[in-house]
Amino acid sequence: MATALWTRPLRAHWFNVEARPAIAEFEKRAANDTPDDLLVRVGLDDREAFSRLYDIMSSLVYGLALRITRSRMHAEEVTQEVFVQVWSQAARFDPASGSARAWVSTIAHRRSVDVVRRSQSTRNREEGMNPEPDRTDIAEDVVEADERERVRSALSELSDLQRQAIEMAYFGGMTYRQVAEALGTPLGTVKTRMRDGLARIREIMEGEDG
Amino acid sequence: MAEMHDLVAAYALDALDPEEEFAFEAHLETCPSCQAELALLRGGAADLAGSVATRPPAHLKERVMAATEPEVVPIQLARARRPTGWLLGVAAAAALIVGGVWAATSGGEEDLVAAVLEATDAQTIDLETANGSVRFVYSTSLEAGVFDGERLDSVGSEELYQLWLIGADAVPESAGVFEPGDREVLVEGIETGLALAMTVELAPGVGAPTSDPLFVAEL
């Protein structure tokens, strides 16, 4: 005889076993959790770490998805998909090859852009034109004001062309070819501005962090 | 590949055409310089994301936690039958048990493995887990079972598989640890009504499970 399922009472008990030295140790360290630590632990199927990682990173993911898709509904869907992917693929995260913030926001950006490009291509087929984004659906109420302000201040140090090229690609979901065309700027120049601008932002933000 | 190197920033912004992206990713595999550059530029992109950070509605967390609730692993049972094939064929091989509860020292253990496999009341459970298929042959009259983990995926270098026996009190008791590839892990103390479970744990094993079981099977 065998159970077909891992029954709930058994599962609940499993998680409530008092003698869980490893978890207790984790909880002691919790006050110093960095996103990198948390993501590594998520890779070991640590639910508590996942919950904390969500608390720390969900504003980043949701805000980015909202900015790109311009729809609360899409932003919620993307956020959920992103965290499902984070949960299932966290074991692939390697702190040596980038930060957890970068890892998670890369997933979030890709998913958001996919949503936009998919709906654009659908609408383009249907209407033969580029849709104007719907700006009425952007949440203005609760923002992570401090983080926003710091980055906006960093952005103000970029040249206009650097900032435009980066924002059109990152928030507008445009390819660098489309950016070059829209700005009437050679491809090589756009690539260089994107590179210099991104590196500069990181430099400024890292200087602040340190 | 100077041309490819120029595409790092656009790649970090997901701003390449699909063909270019494909080519760049192939290049990235073999270019440490681009990998380092990408790590830097993705950091900058993540900073940009911070400029629009917006707290999601509170209900979203519940949805996310529910959507990632560790999956219940369906257990497929073969009908009880005499062991055949891959387990029976290796009955004479030495039990490979790494660390953990039993040290594979005595010949008595090998004898017990062979006895379980040939017991007239031997029952076989075949399970599909997320990490590969396993087989457990046990005999309640001998109060022992033999676990075959040969087909399990490998785990991290610091990790191993750990077996658990769960009785009426629902508290998992360690039933030993083994490494993927081990074909004859002896599990003693088998009786009807117990459940056998398996988790991945850090070596050399833990006193209580710290991860979700890959399977739970009632015996």
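Every heavy atom of this structure was used, including side-chain atoms; hydrogens, water molecules and symmetry mates were not. Lettering of chains follows the sequences in order, A, B, ..., and the numbering in each one begins at 1. Everything numeric in this text was worked out from a predicted model, so none of it was measured.
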Practice task
Select one option (side chain, backbone, both, neither) describing which atoms of A/Thr175 are under 4.5 Å from chain B's heavy atoms.
Solution key: both
Handout entry: Carboxylate-amine/guanidinium contact A/Arg163 A/Asp160, below 4.0 Å
Key = yes
Exercise for the section: Could you tell me how the ring of B/Phe178 sits relative to the ring of B/Tyr161: parallel (under 30°), tilted (30 to 60°) or perpendicular (over 60°)? Expected result: parallel
Problem - Region of A/Met174 that comes under 4.5 Å of a non-hydrogen atom in chain B - result: backbone
Exercise for the section: Determine the option with the most heavy-atom pairs under 4.5 angstrom with chain A, choosing from B/Leu13, B/Val200, B/Val64. Expected result: B/Leu13
Exercise for the section: Could you tell me which of B/Ala10, B/Ala9, B/Ala15 has the largest number of non-hydrogen atom pairs under 4.5 Å with chain A? Expected result: B/Ala15
Fill in the blank from the handout: Counting heavy-atom pairs under 4.5 Å with chain A, the top scorer among B/Val8, B/Leu16, B/Leu196 is B/Leu16
Practice task
For B/Thr199 and B/Trp164, test the side chains for any donor-to-acceptor distance below 3.5 angstrom and give the result as yes or no.
Solution key: yes
Problem - Partner chain B: residue of A/Thr106, A/Thr192, A/Val86, A/Val84 with the largest heavy-atom pair count (under 4.5 Å) - result: A/Thr106
Handout entry: Heavy-atom proximity to chain B below 4.5 Å, by part of A/Tyr54
Key = side chain
Handout entry: Closest-packed option against chain A by number of heavy-atom pairs under 4.5 Å, given B/Ala39, B/Pro57, B/Ala36
Key = B/Pro57
Exercise for the section: Side chain from CB out, backbone as N, CA, C, O: work out which of these in A/Ile68 comes under 4.5 Å of a heavy atom of chain B, or both, or neither. Expected result: neither
Exercise for the section: Give a yes or no on whether a salt bridge exists between B/Asp47 and A/Arg150, defined as a side-chain N under 4.0 angstrom from a carboxylate O. Expected result: no
Fill in the blank from the handout: Cut-off 4.5 Å, heavy atoms of chain B, and the answer for A/Ser51 is both
Practice task
Answer yes if the ring centres of B/Phe136 and B/Tyr138 are under 6.0 angstrom apart, and no otherwise.
Solution key: yes
Practice task
Tell me, for A/Ser97 versus chain B, whether the close heavy atoms (under 4.5 Å) come from the side chain, the backbone, both or neither.
Solution key: backbone
Problem - B/Arg42 charged N/C atom sitting above A/Trp103 aromatic ring, 6.0 Å / 45° - result: no
Practice task
Output yes when B/Glu37 and A/Arg195 qualify as a salt bridge under the 4.0 Å nitrogen-oxygen rule, no when they do not.
Solution key: yes
